[in-house]
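Please read the structure below before turning to the comments.
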Amino acid sequence: MILCCGESLIDMLPRTASTGEPAFAPVAGGAVFNTAIALGRLGAPAGYFGGLSTDLFGAVLETALTASRVDYTLSVRSQRPTTLAFVTLTDGHAQYAFYDENTAGRSLTEADLPQLGDETEALFFGGISLVSEPAADTYAALCAQAGERLVMMDPNIRPSFITDPERYRARLAQMLARADVVKISDEDMAWLGTTPAELIAGGAALVLETRGAAGVLAVSAGGELAVPAKKATVVDTVGAGDTFNAGFLAGLWRDGLLSRASLRAAPLEALQPAIALGAKAAAVTVSRAGANPPWDTELAGDGQ
């Protein structure tokens, strides 16, 4: 199982009411949640660990996980509210206003950490869950306990959400040093003041630098490999990076490379199909409104 560890929330997406007035529609979301959903839809063994509320929005999240074949039995439930993220779109690009104080997801502590069995082969971390304390420190502790499991990380930095940059940078540095795979954007690297080469020197086996329409640059100690983006008509970019993460992890699982040892021994050319699957799945997501990742049946028969 690939266990996605981090935030789930309700995206309040901009819509227009039948009266013509601006409105918001509640949709299950969150970067790590979206990755779990996409993994399940792509047929990979997907799990989700996070804080889920018993409120009406928590029920929406659980229904979405079940519908997309995601196991969330390790998640912790509480009566605290669900995080809300109000989304505005500018030229198809999303901006977020978060309402996260005292929520079920944010309130996770190390006492809530699950005992992981051998069925958990890989861990995924990222998103705003690495900012909000105490949950952020809880996820960092879980990452440190990963053992020989494969760890993938996508910082997905939201500068406007960061209240303590020094603590956040220290937490990210600790987790990045343990990560086997780092998916990162130019903006993330600029904020961190790092490069793919520095991340590799720090311990990562593979850095996936996403460059939008220019595709993905895969960097390892052995060299670089450019993988083009799949052409798509962009409706919006909500969930695109999350879907890419899922496609890549699903590709590793499909190709028998979902382990630290296998990943670190594989040449870049052997990882190209997994990267291409991530790009292909992300292209479907950007072609329709909201974070709506493709199902495996939608990609069947479509060549890499």
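Treat the numbers as computed from the prediction; the structure is a model and nothing was measured.
- Residue pairs meeting the ring pair (Phe, Tyr, Trp, His ring centres under 6.0 Å) criterion with at least one member in residues 165-223, sequence neighbours excluded: Y168-W191.
- L52 places a side-chain heavy atom less than 4.5 Å from the side chain of E62.
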### Task
Show your working on side chain to side chain contact (heavy atoms under 4.5 Å, CB included) between D100 and L9 and close with a plain yes or no.
CA-CA 9 Å; D100 192 42; L9 51 82; over 6 Å; no

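- Taken together through direct or relayed side-chain contacts under 4.5 Å among Ile, Leu, Val, Met, Phe, Trp and Tyr, L113 and M153 form part of one hydrophobic cluster.
- Among pairs with a residue in residues 207-222, none fulfils salt bridge (Lys or Arg N to Asp or Glu O under 4.0 Å), at least two apart in sequence or across chains.
- A ring pair (Phe, Tyr, Trp, His ring centres under 6.0 Å) check over residues 98-119, counting only residues at least two apart or in different chains, returns the pairs F86-Y99, Y96-F98, F98-F161.
- Between D242 and the options V32, N34, L39, a side chain to side chain contact (heavy atoms under 4.5 Å, CB included) holds for only N34.
- Atom NZ of K183 and atom OG1 of T210 lie 4.5 Å apart (nearest 0.5 Å).
- A search for salt bridge (charged side-chain N to carboxylate O under 4.0 Å, His left out) contacts involving D186 returns nothing, not counting sequence neighbours.
- When the salt bridge (charged side-chain N to carboxylate O under 4.0 Å, His left out) test is applied to D188, no partner is found at least two apart in sequence or on another chain.
- Partners of E187 under the side chain to side chain contact (heavy atoms under 4.5 Å, CB included) rule, at least two apart in sequence or in another chain, are S185.
- Between Q272 and L268 the shortest side-chain heavy-atom distance does not fall below 4.5 Å.
- Annotation: the span from L206 atom CG to F248 atom CZ amounts to 5.0 Å, rounded to 0.5 Å.
- Checked by atom type and distance alone, the side chain of T194 never pairs as donor or acceptor with a backbone atom of M189 at under 3.5 Å.
- Listed by chain and number, the residues in a salt bridge (charged side-chain N to carboxylate O under 4.0 Å, His left out) with D180 are R178, R260, R264 (sequence neighbours excluded).
- Contacts classified as ring pair (Phe, Tyr, Trp, His ring centres under 6.0 Å) and involving residues 124-153 (residues at least two apart or in different chains) are not found.
- Partners of T82 under the side chain to side chain contact (heavy atoms under 4.5 Å, CB included) rule, at least two apart in sequence or in another chain, are I10, S53, D55, F57, L61.
- Comment: E298 engages R288 in a salt bridge, judged by a side-chain N to carboxylate O separation of less than 4.0 angstrom.
- Taken together through direct or relayed side-chain contacts under 4.5 Å among Ile, Leu, Val, Met, Phe, Trp and Tyr, I200 and V182 form part of one hydrophobic cluster.
- Between Y72 and T66 there is a side-chain heavy-atom pair separated by less than 4.5 Å.
- For the pair L271/L225, no side-chain contact is recorded, criterion being any heavy-atom separation below 4.5 Å from C-beta on.
- For R106 (side chain) and E133 (main-chain N/O), a donor-acceptor pair under 3.5 Å exists by modelled atom type.
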### Query
Can M152 and I2 be said to form a side chain to side chain contact (heavy atoms under 4.5 Å, CB included), step by step?
CA-CA 10 Å; M152 180 174 178; I2 303 166; over 6 Å; no

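- For D11, there are no salt bridge (charged side-chain N to carboxylate O under 4.0 Å, His left out) partners two or more places apart in sequence or in a different chain.
- A heavy-atom distance below 4.5 Å is not found between the side chains of L249 and L42.
- A side-chain hydrogen bond (donor to acceptor under 3.5 Å, both in side chains) with T243 is found for exactly one of T35, T285, N292, namely T285.
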### Task
Tell me, with the steps shown, if I157 and L172 meet side chain to side chain contact (heavy atoms under 4.5 Å, CB included).
CA-CA 10 Å; I157 295 168; L172 287 185; 4.2 Å; yes

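- Between P273 and R254, the closest side-chain pair of non-hydrogen atoms falls below 4.5 Å.
- The side chain to side chain contact (heavy atoms under 4.5 Å, CB included) search around A36 returns C4, Y48, V70, not counting sequence neighbours.
- Remark: N102 pairs with R80, S107 by the side chain to side chain contact (heavy atoms under 4.5 Å, CB included) rule, at least two apart or across chains.
- With contacts defined as side-chain heavy-atom distances shorter than 4.5 Å, the pair L192/L199 does not qualify.
- With contacts defined as side-chain heavy-atom distances shorter than 4.5 Å, the pair R171/D137 qualifies.
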